[in-house]
Amino acid sequence: MMYKKDLNILKYTSLAGILYILPIVVAGMNYSDDFMRSADGVFGLSIMARPLADLIFKLISLNSSLNISAAPLTHILSILAMCFSVLFLVKSLNRKYNYTDALILSLVIFNPFYIQNLLYKFDSITMSLGVLIASVSVWLCSKQALSTKILSIALLVASLSLYQPCAGIFVAMVIIRCIDEVSRGISLNIKKYFTYLICFLVGYVSYYIFIVIPYSEGSSRSSFISPGSGMTEKIGNNLLSLWGKTSTFTPVGNELLILLSLISFSICVYASFKSEKPIAGIFVSILAFPASYFAIGGVIIFLKESLFFPRTLVTYGLFLALLIYPIYNFNHKLSRLLAVTTAGLLVSVSFLTMSITVTAIRSQEQYEDKILNNLSYDLENLKLNSSETYISGIFNYSLYAKNAVDNNGIAKLLSNRGYDWTVSYKLRDYGLNVPFSFKRDMQKKLIKSICSDRYNSKTARTEYTIYQVGGKNLVNIGGDVDCR
């Protein structure tokens with residue numbers, strides 16, 4: 001049943017969400033994988049154990065053979081899905097909730113790392129639907145009926161089939177509910193939380209059996225760390241990598257997380273002594289805070305290759321919410337004001353970061369387009385065969401983009417400078433059929449010849465250099481080839 005308060009939460013979060021994503025909608029630009037999907041019309045996520053994502057692509061494209069962009073509609077639907085997620089996360093608290101709960105949990109939207117997810121024309125909708133379905137899953141799992149628990153498990157499988165890091169939403173929200181109760185001096189019902197564990201484990205195992213095994217083609221990047229003497233060190237290195245990523249959120253870095261964690265933990269310990277089971281409350285508090293941080297990384301912590309891209313840190317906003325809830329529940333006017341102010345400031349930082357980042361990416365795109373226009377003219381003027389032309393290197397930053405990335409950690413992480421892969425696809429818009437392979441075998445061979453001074457001619461420009469090597473051509477973006 002939808003109450004008036006629920007409708008108001010949706011109304012206010014949707015208004016804020018639309019304003020938040022407005023810079024992306026207005027910019028109307030491709031981002032990373034979008035270049036490939038726009039040019040080739042590929043789906044290709046089923047082999048990454050994301051078959052529902054491919055299904056969504058096909059439904060939006062109104063065909064099953066070619067992936068077609070429906071942006072900015074996909075961006076708008078993405079943010080609306082996130083707004084519905086906030087409502088179900090609030091309801092997952094399983095108590096009387098208010099607008100402050102919606103503000104705190106809206107950090108799942110205003111998570112600065114999630115800006116990258118929203119930037120994608122194609123994939124933003126699948127990721128946001130994954131978050132929404134995970135939010136509904138954790139809400140249903142709190143219900144008594146067996147049928148709702150079965151549906152919860154099915155939805156968790158669906159969420160994983162859209163985007164695997166969304167599973168962290170389920171885990172993080174359970175921990176938030178747990179800490180919410182501890183910080184209010186309520187004794188924990190262990191049986192209730194055991195039910196959550198069962199739902200999650202059954203869902204994850206089902207996903208592995210019914211989705212990963214039939215669909216995934218596997219990858220060395222996604223292989224787990226092998227048990228052995230170096231296992232602890234590799235996991236430690238992955239955690240350090242995660243710590244480095246999360247330090248870019250605010251100018252004060254992870255110091256803010258440490259301060260909020262200490263305050264919230266102290267409040268939980270204090271509140272535990274007012275409950276019937278103080279030892280259990282303290283023990284849970286000791287485990288909950290690091291567990292919630294680990295949920296940001298999820299299974300990536302245990303992979304051989306650290307893959308902590310901003311888009312994988314889906315749960316970071318809920319980790320911030322966890323740190324705020326004990327302060328809010330301290331039941332003092334000053335502490336509640338501090339909690340609301342902190343949440344409001346974090347939302348404001350994300351709004352500013354969104355605007356700074358999108359403006360920087362757009363400035364970089366305009367800068368690169370001008371250079372690529374000159375490059376296409378040179379290739380035609382030199383009468384070079386584009387099918388025998390290969391790209392290497394990476395663009396320098398435009399002036400505005402450089403200012404942004406030098407002074408904003410998120411903007412630096414999300415900067416979208418053109419390099420061999422994206423430049424190859426961009427040049428197709430100029431009618432140049434430039435080949436590209438992720439193995440980059442031909443680029444390596446040509447660079448080796450160039451560094452040995454075995455090339456026929458060289459055309460140097462400020463932002464790129466064209467080499468002709470034995471009937472083939474290499475365009476090095478950013479100037480001369482670096483032979484060091």
Side-chain angles (χ1 to χ4, degrees), residues 1 3 6 85-98 100-102 104-105 108 131-160 166-207 264-265 267-295 298 315 318-319 321-326 328-331:
M1 177 180 268
Y3 299 101
D6 297 341
S85 299
V86 173
L87 176 61
F88 284 104
L89 291 174
V90 168
K91 293 168 82 71
S92 298
L93 292 168
N94 222 28
R95 59 164 170 77
K96 187 177 180 180
Y97 50 86
N98 54 39
T100 304
D101 290 310
I104 295 172
L105 290 171
V108 73
V131 173
L132 171 58
I133 293 173
S135 303
V136 177
S137 174
V138 71
W139 171 61
L140 288 175
C141 191
S142 67
K143 304 300 178 184
Q144 294 296 322
L146 177 62
S147 58
T148 61
K149 287 179 170 51
I150 293 172
L151 182 56
S152 169
I153 292 168
L155 288 176
L156 182 60
V157 174
S159 176
L160 287 161
C166 293
I169 296 293
F170 188 105
V171 176
M173 195 58 220
V174 172
I175 296 173
I176 285 175
R177 182 180 175 187
C178 180
I179 287 298
D180 178 60
E181 292 183 353
V182 169
S183 61
R184 289 189 291 125
I186 298 174
S187 297
L188 296 178
N189 183 337
I190 302 301
K191 182 180 178 181
K192 175 177 62 182
Y193 287 97
F194 184 73
T195 302
Y196 281 118
L197 178 62
I198 294 298
C199 283
F200 182 78
L201 290 178
V202 172
Y204 220 103
V205 170
S206 299
Y207 167 71
S264 296
F265 176 73
I267 291 171
C268 287
V269 171
Y270 173 79
S272 295
F273 284 109
K274 297 192 296 182
S275 69
E276 296 177 2
K277 301 175 182 178
I279 302 300
I282 294 170
F283 180 71
V284 166
S285 300
I286 292 171
L287 294 178
F289 289 96
S292 182
Y293 188 78
F294 294 157
T315 314
L318 291 186
F319 175 70
L322 171 77
L323 301 183
I324 294 173
Y325 259 112
Y328 179 71
N329 289 334
F330 193 54
N331 202 24

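The backbone N or O of G281 sits less than 3.5 Å from a side-chain atom of S285, completing a donor-acceptor pair. Between the side chain of D6 and the main chain of Y3, a donor-acceptor pair closer than 3.5 Å is present. Using modelled atom types, no side-chain atom of S275 and backbone atom of S187 make a donor-acceptor pair closer than 3.5 Å.
For the atom pair CD1 (I175) and CZ (F294), the distance works out to 10.5 Å, reported to the nearest 0.5 Å. The distance from atom NZ of K191 to atom OH of Y196, rounded to the nearest 0.5 Å, is 14.5 Å. Here CD1 of I286 is found 7.0 Å from CD1 of I282. Values are rounded to the nearest 0.5 Å. Residue L155 holds its CG atom at 12.0 Å from CD1 of I150, rounded to the nearest 0.5 Å. Considering CG of L132 and OG of S137, their distance stands at 11.0 Å, rounded to 0.5 Å. Atom CD1 in I324 sits 14.0 Å away from atom CD1 in I179 (nearest 0.5 Å).
Remark: the Y193 side chain and the E181 side chain contain an N/O donor-acceptor pair separated by less than 3.5 Å.
Checked for salt-bridge contact, R95 and D101 meet the test: a charged N lies under 4.0 Å from a carboxylate O.
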* To do: Could you check L93 against M173 for side-chain contact (heavy atoms from CB on, under 4.5 Å), going step by step and ending with a plain yes or no?
  => CA-CA 8 Å; L93 292 168; M173 195 58 220; 3.7 Å; yes

* To do: Given side-chain contact (heavy atoms from CB on, under 4.5 Å), test L156 with Y207 step by step and report yes or no.
  => CA-CA 8 Å; L156 182 60; Y207 167 71; over 6 Å; no

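Looking at K277 and L188, their side chains never come closer than 4.5 Å, going by heavy atoms from C-beta outward. Between S135 and F170 there is no side-chain heavy-atom pair separated by less than 4.5 Å. Contact annotation: the side chain of F289 never approaches that of F319 to less than 4.5 Å [non-hydrogen atoms, C-beta and beyond]. Side-chain contact check for V284 versus C178: some heavy-atom pair is nearer than 4.5 Å. With a 4.5 Å cut-off on side-chain heavy atoms, L105 and L318 count as touching. Put simply, the side chain of N94 reaches to within 4.5 Å of the side chain of K143, judged on heavy atoms. Between V182 and I186 there is no side-chain heavy-atom pair separated by less than 4.5 Å.
The only member of D180, T315, I176 that meets side chain to side chain contact (heavy atoms under 4.5 Å, CB included) when paired with L322 is I176. Tested against L89, the residues V136, I169, I104 include a single side chain to side chain contact (heavy atoms under 4.5 Å, CB included) partner, I169.
Few gaps surround OH on Y97; more than 12 heavy atoms of other groups in view lie less than 6.0 Å from it.
For S272 against C268, the heavy-atom pair with the smallest separation is OG-O, 2.7 Å. For the residue pair A295 and V171, the shortest heavy atom distance occurs at CB-CG1, 4.1 Å. The shortest non-hydrogen separation linking T148 to L140 is OG1-O, 3.5 Å. Contact detail for A271 and S183: the closest heavy-atom pair is CB-O, 3.5 Å. What you find for S92 and R177 is that their closest heavy atoms are O-CD, 3.6 Å. Across all non-hydrogen atoms, the minimal contact from A102 to V90 is CA-CG2, 3.7 Å.
Aromatic ring centres of F200 and Y204: separated by under 6.0 Å.
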